[in-house]
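Accompanying notes for the structure given below.
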Amino acid sequence: MSEILSAVATPSTLNELISGSLAGAVQVLVGQPLDTVKTRAQIAPSPMDILVQTVRKEGVFALYKGMASPLVGIAGVNSLLFTAYFVSRRIISPFPELSLRQTALAGSMAGAVNSLLASPVELLKVRMQGQYGAVDDKRLSRVAADLYKTWGFRQGVMRGFWVTVAREIPAYAGFYTGFEFAKRQFRNTLGDTLPVWALLTSGSFGGICYWLACYPLDVVKSRVQLCETPPTGIGYIGTEFRTIVREQGMAGLYRGLSPSRDIPAAAVTFVTFERTREYLLRSTGV
C-alpha cells in the first residue's frame with residue numbers, strides 16, 4: 001500500500017492530470033465524427049452509407065452527436081487514464097524506461113481503473129449517437145435521467161460496465177505498447193527529441209494496436225449499451241458474442257472497424273499529452 005501511495009503522491013501527478021485532460025478534449029474534437037459513424041455502423045450497414053445518410057438527413061453537425069458527454073467526460077477519463085498509466089509505471093518499476101511487457105502491464109492496469117469513468121461516459125455517448133434525428137430525439141440530460149429513473153444506477157448508468165472492463169484492459173495494453181514501440185524505433189534513428197510527425201505516427205500506431213486488441217469487445221459493448229433493456233446474468237458478454245456470430249458471422253464482430261477514430265484521434269492525443277507535459281515540466285520543474 002505504501003508503494004502505491006508513494007507512486008500516486010508525486011509532484012508529476014498533477015501535470016499528468018492536466019495533460020491528460022487537455023489531450024482528452026482534443027481527442028474528442030478530432031475523433032467524434034468517425035466515432036459516430038463507427039457506432040452506427042456496428043448496428044447497421046456499411047460505414048460509407050452511414051456517413052452519407054447521416055450528413056444528408058441530419059447535417060454535418062450530426063457527426064458530433066453525443067459529443068457533450070465525451071467532451072466533458074473524456075477530459076476526465078483521459079486525465080484518469082494517463083495518470084493511472086504513469087502511476088502504474090512507477091508501481092511496476094522505479095526506473096523510467098520500462099520494457100514493452102511492463103508497458104503492456106501498466107496499460108492494462110490503467111485500463112481497468114479507467115473503466116470506472118469510461119463506462120458511463122461511453123454509455124451516454126452511444127445512446128446519443130444511436131438517435132437518428134427524429135423529432136422525439138432526447139437531449140443528453142434526458143437520456144441520463146431516463147436511464148437512472150427507469151433502471152437505477154447499476155443497470156442504468158453503469159450498464160455495460162463489465163464488458164467495458166473487458167475491453168479496456170487489452171485495449172490500453174495495446175495502446176501504450178504500440179505507441180512506445182513506434183516511438184523507440186524513431187528514437188533509434190532520430191534521437192531522443194522527436195519531431196511532431198514522429199509522435200503523430202507513433203500515436204497512430206498506438207491507435208491501431210488499441211482496436212486490434214479489443215474491437216470485437218467494443219461491438220459487444222455498443223450493442224449492450226444500446227439495447228432497450230439491461231443484460232441479465234454474469235455471462236452476458238459471451239451470450240452477446242455468440243448472438244452476433246450466429247446472426248452475422250465472424251464479420252459482425254468487426255463491423256464498423258474501418259472508420260475507427262483512434263487512428264487520427266490517438267495521434268493527436270499522444271502529441272497533445274506529450275507536448276503539454278513537457279511544457280509543464282519546463283514551467284514547474286516537476
* To do: Kindly assign one of parallel, tilted or perpendicular to the pair Phe186 and Trp197, based on the angle between their ring planes and the thresholds 30° and 60°.
  => perpendicular
* How are the rings of Tyr254 and Tyr215 set relative to one another: parallel (under 30°), tilted (30 to 60°) or perpendicular (over 60°)? -> parallel
* Asked: Which heavy-atom pair separates Arg275 from Glu278 by the least distance, and what is that distance?
  -> NH1-OE1, 3.2 Å
Check for a donor-acceptor pair, side chain of [X] on one end and backbone N or O of [Y] on the other, with a separation under 3.5 Å.
{"X": "Gln102", "Y": "Ser99", "result": "yes"}
{"X": "Arg277", "Y": "Glu16", "result": "no"}
{"X": "Arg127", "Y": "Gln225", "result": "yes"}
{"X": "Tyr85", "Y": "Leu80", "result": "no"}
{"X": "Thr164", "Y": "Ser119", "result": "no"}
{"X": "Ser115", "Y": "Gly111", "result": "yes"}

* **Glu240: partners by salt bridge (Lys or Arg N to Asp or Glu O under 4.0 Å), with sequence neighbours left out** => Arg223
* For Ala84, enumerate each residue passing the side-chain contact (heavy atoms from CB on, under 4.5 Å) test, keeping only those at least two apart in sequence or located in another chain. => Ala110, Val113
* Between Phe175 and Trp211, does the ring centroid distance fall short of 6.0 Å? -> no
* With ring centroids as reference points, do Phe82 and Tyr172 lie under 6.0 angstrom apart? -> no
